[in-house]
Every structure is written in C-alpha cells, then in structure tokens.
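Here is the structure we will look at, set down as structure tokens.
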Amino acid sequence: MPGFSSPPNPKEYQATVWEIARQVPPGKVTTYGQIAAMIPPPGTLNLRDYEAFGPRWVGGAMANCPEDVPWQRVINSQGKISLRPGAELQKQLLESEGVKFNERGKIDFDIYGWNGPDPEWCQIHGLFPPPPLAKNQPRLF
DNA sequence: TCCTTGACTCAGA
DNA sequence: CTCTGAGCCAAGG
C-alpha cells in the first residue's frame, strides 16, 4: 500500500500512543484514529497532514508495543480487526473480555466503543479529549 | 545511496 | 456492502 509515514519523533509519539492505549478498560475498544485524534500534531506538521497519517502511525506504534499495553483493544474505524498475522489472536482476546462480533466480523461501537479517558486525565497529559467514535452499522440478528 | 515496506481513514463510484 | 485512490515519512536491507 503506497502512502505511509512515520511521525517526526517516533519514540515520543509511540510512548504517547501506548500510554493512551493503557487507559482502555477490558471489554471496550478504541480505534487507531481515535487515539491519533487525542495527540497534538507532532513536530511542525500541519493538522491536515497529521489527520491523514496519524492513524497509521498509531498502527505502527501498536506493532511495537510493550507487553503491558492492551493492544487487542485498538481496532480500525470500521469496527473490525485489521487483517494481518495475529488478527485471530486479537479476536480471541477480545471475545474472552466479552466483546461480541457480528457475523461480518464487526464490533458495535454503541456497545463496546470507548469514550476516551476522563477530560481531567487528558488535561494532565496535554492531550485532546477524543471525539465520539463514528457509529458503524452492525447488521442485525 | 536506492528501494521497499508499513495493525489507517475518508470520500467516491 | 465492496473496491480504489490519495495522503507522501522514516527505518532497515
């Protein structure tokens, strides 16, 4: 897939991503985009470019995360697990926390979506409170 | 140094 | 619902 990138300061950016991911409680999920939206544009990046690439940088951070990070709770904006080696394990871990998938492999954000950390926590860490997760369309029954 | 390769998202068709 | 293109950086072989 063409068009990727890494943040100006990968180490610092990844550490921030991991710290946010650690706030997601069991049985809840967030998205690469939601985490990216909480972090101010790194370096001299303008907001437009950051919004375009931030989610991919979050994905890159999750690929290298320490063991204490609940990486399985970070999924894509469609409410699905991004296809890759390890995707099956991710699904199993989430199911063991009580997260349900519909027959198309989608998670309902209305039920399992995380609303972000407390505003106070965001304030302390210099982060933005995240916008609500976009409603996906889980197929009924 | 050159080339490849990446856990994404959104708008359109 | 599915599929495509655009966004255009940095580490490692």
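Proteins get letters first, then strands, A, B, ... in listed order; numbering begins at 1 in each. These numbers come from the heavy atoms of this one structure, side chains and all, not from hydrogens, waters or symmetry mates.
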Listed pairs under 3.5 Å, donor-acceptor, residues 114-132 of chain A side chains, sequence neighbours left out:
unit_1, atom_1, unit_2, atom_2, d
A/Trp121, NE1, A/His125, NE2, 3.2

Problem set entry | Side-chain (A/Gln72) to main-chain (A/Gln90) donor-acceptor, under 3.5 angstrom |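 No: the side chain of A/Gln72 does not pair with the backbone of A/Gln90.
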Problem set entry | Check: A/Val69 main-chain N/O paired with A/Trp18 side-chain donor or acceptor under 3.5 Å |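 Flag not set: sc A/Trp18 to bb A/Val69 has no pair under 3.5 Å.
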For this session: For DNA chain B, determine which residues of residues 62-76 of chain A have any heavy atom closer than 4.0 angstrom to one of its atoms, and list them numerically.
Result: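 Going residue by residue through residues 62-76 of chain A, the ones with a heavy atom under 4.0 Å of DNA chain B turn out to be A/Met62, A/Ala63, A/Trp71, A/Asn76.
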Problem set entry | Side chains of A/Glu95 and A/Phe101 in contact at under 4.5 Å (non-hydrogen atoms) |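 A/Glu95 vs A/Phe101: side chains touch.
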Exercise. Do the non-hydrogen side-chain atoms of A/Thr31 and A/Val74 ever get within less than 4.5 Å of each other?
Worked result: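 Counting from C-beta outward, A/Thr31 and A/Val74 never come under 4.5 Å.
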If you only use heavy atoms from C-beta on, which nucleotide in [options] is closest to the side chain of [X]?
| X | options | value |
| --- | --- | --- |
| A/Phe53 | B/dT9, C/dA11, C/dC8 | C/dC8 |
| A/Asp49 | C/dA10, C/dG7, C/dT2 | C/dG7 |
| A/Thr31 | C/dG7, C/dC1, B/dT9 | B/dT9 |

Exercise. Under 4.0 Å between a side-chain N or O of A/Arg56 and OP1 or OP2 of C/dC9?
Worked result: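 It does not, given that no N or O in the side chain of A/Arg56 lies less than 4.0 Å from OP1 or OP2 of C/dC9.
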Problem set entry | Distance below 4.0 Å between A/Lys80 side-chain N/O and B/dA7 OP1 or OP2 |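 For B/dA7, neither OP1 nor OP2 has a side-chain N or O of A/Lys80 closer than 4.0 Å.
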What is the distance, rounded to the nearest whole Å, between atom [atom1] of [X] and atom [atom2] of [N]?
| X | N | atom1 | atom2 | answer |
| --- | --- | --- | --- | --- |
| A/Arg48 | C/dA6 | CZ | P | 14 Å |
| A/Gln90 | B/dA7 | CD | C1' | 7 Å |
| A/Glu51 | B/dC8 | CD | C1' | 13 Å |
| A/Leu89 | B/dA7 | CG | P | 16 Å |
| A/Asn46 | C/dC9 | CG | P | 11 Å |
| A/Gln14 | C/dC9 | CD | C1' | 14 Å |
| A/Trp57 | C/dA10 | CH2 | P | 8 Å |

For this session: Quick one: which residue pairs count as a salt bridge (charged side-chain N to carboxylate O under 4.0 Å, His left out) with a foot in residues 15-24 of chain A, not counting sequence neighbours?
Result: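 Every pair satisfying salt bridge (charged side-chain N to carboxylate O under 4.0 Å, His left out) with a residue in residues 15-24 of chain A: A/Glu19-A/Arg22, A/Arg22-A/Asp68.
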Problem set entry | Qualifying salt bridge (charged side-chain N to carboxylate O under 4.0 Å, His left out) pairs with a residue from residues 32-54 of chain A, counting only residues at least two apart or across chains |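 Residue pairs with at least one partner in residues 32-54 of chain A: there are none.
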Problem set entry | B/dC8 versus C/dG12 - spacing of their C1' atoms, nearest Å |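 After rounding to an integer number of Å, I get 22 Å for this pair.
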Exercise. Rounding to the closest angstrom, what is the interatomic distance between B/dG6 and C/dG7 at atom P?
Worked result: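 So the two P atoms sit 22 Å from each other.
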Expected list for residues 9-16 of chain A: side-chain donor-acceptor pairs under 3.5 angstrom, two or more places apart:
unit_1, atom_1, unit_2, atom_2, d
A/Asn9, OD1, A/Glu12, N, 3.3
A/Asn9, ND2, A/Glu12, OE1, 3.1
A/Tyr13, OH, A/Tyr50, OH, 2.8
A/Thr16, OG1, A/Glu12, O, 3.0

Exercise. What closest approach, in Å, do A/Phe109 and A/Gly79 show between heavy atoms, and which atom pair accounts for it?
Worked result: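 Smallest heavy-atom distance, with atoms named: CZ-CA, 3.5 Å.
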All N/O pairs under 3.5 Å across the protein-nucleotides 10-13 of chain B interface:
unit_1, atom_1, unit_2, atom_2, d
B/dC10, OP2, A/Ser77, OG, 3.4

